[in-house]
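Below is one structure, written out as structure tokens; the observations come after it.
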Amino acid sequence: MKGTMQKIFDDSKACPQKNRTASEGYAGGQTFIEITENNLTPNYQSENGLLERILSSSNLNTAYKQVKRNKGAGGVDKMQVESLKDYLVCHKDKLLASIHKGKYRPNPVRRVDIPKENGKKRQLGIPTVVDRVIQQSIAQQLQLIFAPEFSDHSYGFRPKHSAHQALQKWQAYITQGCGYAVDLDLERFFDWKKRSK
């Protein structure tokens, strides 16, 4: 790991102080130190940049295996997971070149309505299998950077964490005599269409 880096901006081009999270003492500069609950930690750095780690053969192979293991339906291009290996063998170089050049564009997701127990429906977006490999390869590397900073009490959508573990922790607190529990659901948090109306 390399030490802490700092990037200095020209004050005339910086955002007004009131729109920033930094204190007045840091006006005109942005630090790359991450603040966690207990300490300051330097950003994860290595000899290779993040893009190189994302597109490394080992990371992409792990991503491919995970997408294959997850199975799932095809996206808008109708390609199924079973066809993914042959596609990647033929088009890997072109795909990687498009990402390196900033030309890669994910396909639109296929929308499917999933029935819920209460009779309502939940919209599910299904990316193409190729896009899922790229997404997985990105997620794997971001996980290495950010997972150590997450709270031990965060159970949602994290490897080796589950809703069952959250319920077990909740049960332990109840047994210890805690009388209140707060359930926060972000179900509609990203539903910008409905919020903007």
Side-chain angles (χ1 to χ4, degrees), residues 1-9 14-15 17 19-72 88 95-96 99-100 102 104 106 109 124-125 127 129-176 178 180-192:
M1 277 196 198
K2 293 183 182 175
T4 303
M5 297 178 2
Q6 187 172 22
K7 184 174 180 181
I8 304 298
F9 292 101
C15 298
Q17 188 66 32
N19 293 332
R20 300 189 47 179
T21 57
S23 66
E24 289 181 20
Y26 287 96
Q30 177 184 355
T31 180
F32 283 79
I33 295 175
E34 297 172 3
I35 300 174
T36 65
E37 290 178 10
N38 301 319
N39 61 353
L40 297 175
T41 60
N43 251 7
Y44 176 81
Q45 298 287 331
S46 75
E47 294 303 313
N48 293 322
L50 181 58
L51 183 61
E52 285 72 25
R53 293 193 306 271
I54 289 169
L55 299 179
S56 71
S57 294
S58 62
N59 189 55
L60 286 169
N61 284 335
T62 303
Y64 162 75
K65 288 175 185 175
Q66 184 62 48
V67 169
K68 190 171 181 187
R69 211 172 11 255
N70 290 347
K71 299 179 181 172
L88 291 175
L95 178 64
L96 294 180
I99 295 170
H100 276 289
Y104 171 77
V109 295
L124 180 66
V129 291
V130 174
D131 289 340
R132 290 203 300 257
V133 170
I134 302 304
Q135 290 171 1
Q136 180 66 32
S137 66
I138 294 168
Q140 289 168 180
Q141 290 301 313
L142 293 182
Q143 193 89 38
L144 294 173
I145 297 168
F146 294 109
E149 311 303 328
F150 288 168
S151 167
D152 289 338
H153 305 289
S154 174
Y155 294 93
F157 303 101
R158 294 179 60 198
K160 300 180 183 172
H161 290 73
S162 69
H164 294 291
Q165 290 173 321
L167 289 171
Q168 289 168 356
K169 184 61 108 174
W170 195 8
Q171 183 65 47
Y173 286 139
I174 291 169
T175 303
Q176 293 170 9
C178 294
Y180 296 94
V182 178
D183 178 23
L184 301 175
D185 189 352
L186 298 177
E187 178 185 4
R188 309 300 277 170
F189 184 79
F190 296 105
D191 195 353
W192 61 271

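- Closest heavy-atom contact between Pro148 and Gln143: CD-O, 3.9 Å.
- Put simply, the side chain of Gln165 never gets that close to the backbone of Tyr155: no donor and acceptor are under 3.5 Å apart.
- Summarising the geometry of Ser137 relative to Ala63, their closest heavy-atom pair is N-CB, 3.6 Å, with the distance given to 0.1 Å.
- Between the side chains of Gln135 and Arg132, no donor N or O sits under 3.5 Å from an acceptor N or O.
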**OP:** List the steps, then state whether side-chain contact (heavy atoms from CB on, under 4.5 Å) holds for Gln171 with Thr175.
**Re:** CA-CA 6 Å; Gln171 183 65 47; Thr175 303; 3.7 Å; yes

Original post:
Between Ile54 and Ile99, is a side-chain contact (heavy atoms from CB on, under 4.5 Å) present by the stated rule, with each step listed?
Top reply: CA-CA 11 Å; Ile54 289 169; Ile99 295 170; over 6 Å; no

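- For Leu60 against Leu55, the heavy-atom pair with the smallest separation is CD1-O, 3.3 Å.
- Closest approach of Tyr64 to Leu88, counting heavy atoms only: CD1-CD1, 3.9 Å.
- The line from CD of Gln141 to OG1 of Thr62 is 9.0 Å long, rounded to the nearest 0.5 Å.
- Remark: side-chain polar atoms of Glu149 are not paired, donor with acceptor, to backbone N or O of Phe146 under 3.5 angstrom.
- The structure places OG of Ser56 at 9.0 Å from CD of Gln140, a figure rounded to the nearest 0.5 Å.
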**OP:** Go through Val109 and Leu124 one step at a time and tell me if the side-chain contact (heavy atoms from CB on, under 4.5 Å) criterion holds.
**Re:** CA-CA 9 Å; Val109 295; Leu124 180 66; over 6 Å; no

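- For the atom pair NZ (Lys169) and CG (Leu167), the distance works out to 13.0 Å, reported to the nearest 0.5 Å.
- In this structure, Arg53 and Asn59 approach most closely via the heavy-atom pair O-CB, 3.4 Å.
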